[in-house]
Number of protein chains: 2
Amino acid sequence: MPGHRSIAEAEKLAAARLGGIPVRHDQMAVVANIYRAASAVRQHLENSVLRGVDLTWTAFVVLWVIWIWGESETRHVAEEAGISKGTLTGVARTLEGRGLVQRADHPTDGRLVLLSLTDEGQELMQRLFPAFNEEEAFVTGQLSDADCRTVADGLRRVVLQVEENGEQRRQDLLGGAAPAPRRSGRRKA
Amino acid sequence: MPGHRSIAEAEKLAAARLGGIPVRHDQMAVVANIYRAASAVRQHLENSVLRGVDLTWTAFVVLWVIWIWGESETRHVAEEAGISKGTLTGVARTLEGRGLVQRADHPTDGRLVLLSLTDEGQELMQRLFPAFNEEEAFVTGQLSDADCRTVADGLRRVVLQVEENGEQRRQDLLGGAAPAPRRSGRRKA
DNA sequence: TCAGAATTGTTCGGATCCAAATCATACGGT
DNA sequence: ACCGTATGATTTGGATCCGAACAATTCTGA
């Protein structure tokens, strides 16, 4: 099982292949390992605690957000869960069909939809979260509490950087030009 | 765009909701931020350098792996790219159709398929990687080189923990019972 | 030698996922 | 009241994505 073992070598190969163009090695390693860790953690949790209750990672995250924050507008749930509004519509539909989530109209604003957990959803999360948190502790088992805080803080700064300066950065890169539309996706009727 | 701002609060809410059951806060924060950072980074890169050349994140990673390692067996590419074999088949088909990747039979083992970049694929990566690396530097812009090494090292330990002990851990959790099959997926004919 | 076990890539069912288009409602100014 | 704009959620097209089933090939041992 290669992968992580070969990052240093991969960087050298990349540098050689670029013929002397400088490479930001440390920054590249952060991005590579963020994604590698995210995949590993997600896979482990899906195949341990989530599989048994037939929940995908995304479905669990959505449940978790609603569980923690209580009845919420869908746009906030999508934001917190890190998925698009359109994706949330589908996931919420699935969860609603399984009796874990219910939707309700906003009392004053007819555009909004509120999501909340059903009793069954509440019970599921109460039972599931401790097991989930246990595995979070497992995957970080090689890190001390202080290490965890350091890593989490570093990651938080990455998230902040993208959220606060990403939009500006993208505009600068594209030079004001409209971003190329996705090749896939809906077309005008 | 809340999210990161509320993690501490979310943890308190979670603890309250669990009614005194201890929560591993630091570990929870690491997992939450790993995933948040992965989403943010992926989104930024897709919407900056990748969109213009009509590549998804996964397609780029696959190209990168083949570019760095040269002609490779598909199983190794899937492993390095962090996707399943089945997914790679589809992605490789897409990239082959766009003339960026070519496949070849293994000279001695008829089961294997080798993937390599076409000339066009080579040129694309040569042009694309510097821009990609530039954005890797941007998203980590709030971290010093030393910070980057620290964070990358911590993440590497998470990956290692899952890779080296994850399988055993899952078996222990399930108590030897066969893992529940996915609800979705192919059925016996 | 040759039948069963192992390994590899592909097919396939079902669910996600994004972003553009679209539909629906609320709000602004006149 | 009315109309244009802003802001919601949903629909839709295309591409992923996983993992089980499957087909093809190689390996193993008696």
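The structure displayed is predicted, hence computed values, not measured ones. A, B, ... follow the sequence lines: proteins, then strands. Residue 1 opens every chain.
- For C:dT7, the base has no donor-acceptor partner in the side chain of B:Arg75 [N/O atoms by modelled type, under 3.5 angstrom].
- The shortest distance between the side-chain N/O atoms of A:Arg93 and the OP1/OP2 oxygens of D:dT11 is below 4.0 Å.
- Between B:Thr89 and A:Leu88, the one whose closest nucleotide on DNA chain C sits nearer the 5' end is B:Thr89.
- In this structure, the CD1 atom of A:Ile83 is 12 Å from the P atom of C:dA19, given to the nearest Å.
- Separating the CZ atom of A:Arg42 from the C1' atom of D:dT16 is a distance of 11 Å, rounded to the nearest angstrom.
- No engagement by A:Ser39 is indicated, since no non-hydrogen atom pair under 4.0 Å with the nucleic acid exists.
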### Message
Could you go through A:Arg98 and A:Glu120, starting from their C-alpha distance and side-chain angles, then the distance that decides it, and tell me whether this counts as side chain to side chain contact (heavy atoms under 4.5 Å, CB included)?
### Response
CA-CA 10 Å; A:Arg98 289 185 51 187; A:Glu120 189 183 343; over 6 Å; no

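- In this structure, CZ of B:Phe60 is placed 19 Å from C1' of C:dC18, rounded to the nearest angstrom.
- Between A:Glu73 atom CD and C:dA26 atom C1' the separation is 14 Å, expressed in whole Å.
- Counting to the nearest Å, the P atom of C:dA26 and the NE2 atom of A:His106 are 11 Å from each other.
- Between A:Arg103 and B:Ala59, it is A:Arg103 whose nearest contact on DNA chain D lies nearer the 5' terminus.
- Between B:Leu50 atom CG and D:dT16 atom C1' the separation is 14 Å, expressed in whole Å.
- Atom CG of A:Asp109 has more than 12 heavy atoms from other residues, nucleotides or ligands within 6.0 Å.
- Listed pair A:Arg51 / D:dA20 meets the phosphate criterion, a side-chain N or O lying under 4.0 Å from OP1 or OP2.
- Between the side chain of B:Thr140 and the main chain of B:Leu143, no donor-acceptor pair closer than 3.5 Å is present.
- Between B:Glu96 and B:Arg103 a salt bridge is recorded (basic side-chain N to carboxylate O distance below 4.0 Å).
- One finds no side-chain N or O of B:Thr87 lying less than 4.0 angstrom from the OP1 or OP2 phosphate oxygen of D:dC17.
- Across all strands, A:Gly86 comes closer than 4.0 Å to base atoms (heavy-atom distances).
- Within the 4.0 angstrom heavy-atom criterion, only backbone atoms of the sugar-phosphate kind lie near B:Thr74; the bases stay farther away.
- One finds a salt bridge joining A:Asp153 and A:Arg157 here, because a Lys/Arg side-chain nitrogen approaches an Asp/Glu carboxylate oxygen to under 4.0 Å.
- Here the C1' atom of nucleotide D:dG8 and the CG atom of A:Leu112 are 6 Å apart, to the nearest Å.
- Here the closest heavy-atom approach between residue B:Gln142 and residue A:Gln161 is recorded as NE2-OE1, 2.9 Å.
- With hydrogens and angles ignored, a donor-acceptor pair closer than 3.5 Å exists between the side chain of B:Arg186 and the base of D:dA21.
- Checking the phosphate oxygens (OP1, OP2) of D:dG19, a side-chain nitrogen or oxygen of A:Asn47 falls inside 4.0 Å.
- In this model, no side-chain donor or acceptor of B:Lys188 finds a partner on the base of D:dA21 within 3.5 Å.
- Of the residues near DNA chain D, B:Lys85 and B:Thr94, the one whose nearest nucleotide (by heavy atom distance) lies more toward the 5' end is B:Thr94.
- The phosphate of C:dT16 (OP1 or OP2) has a side-chain N or O of A:Thr56 nearer than 4.0 angstrom.
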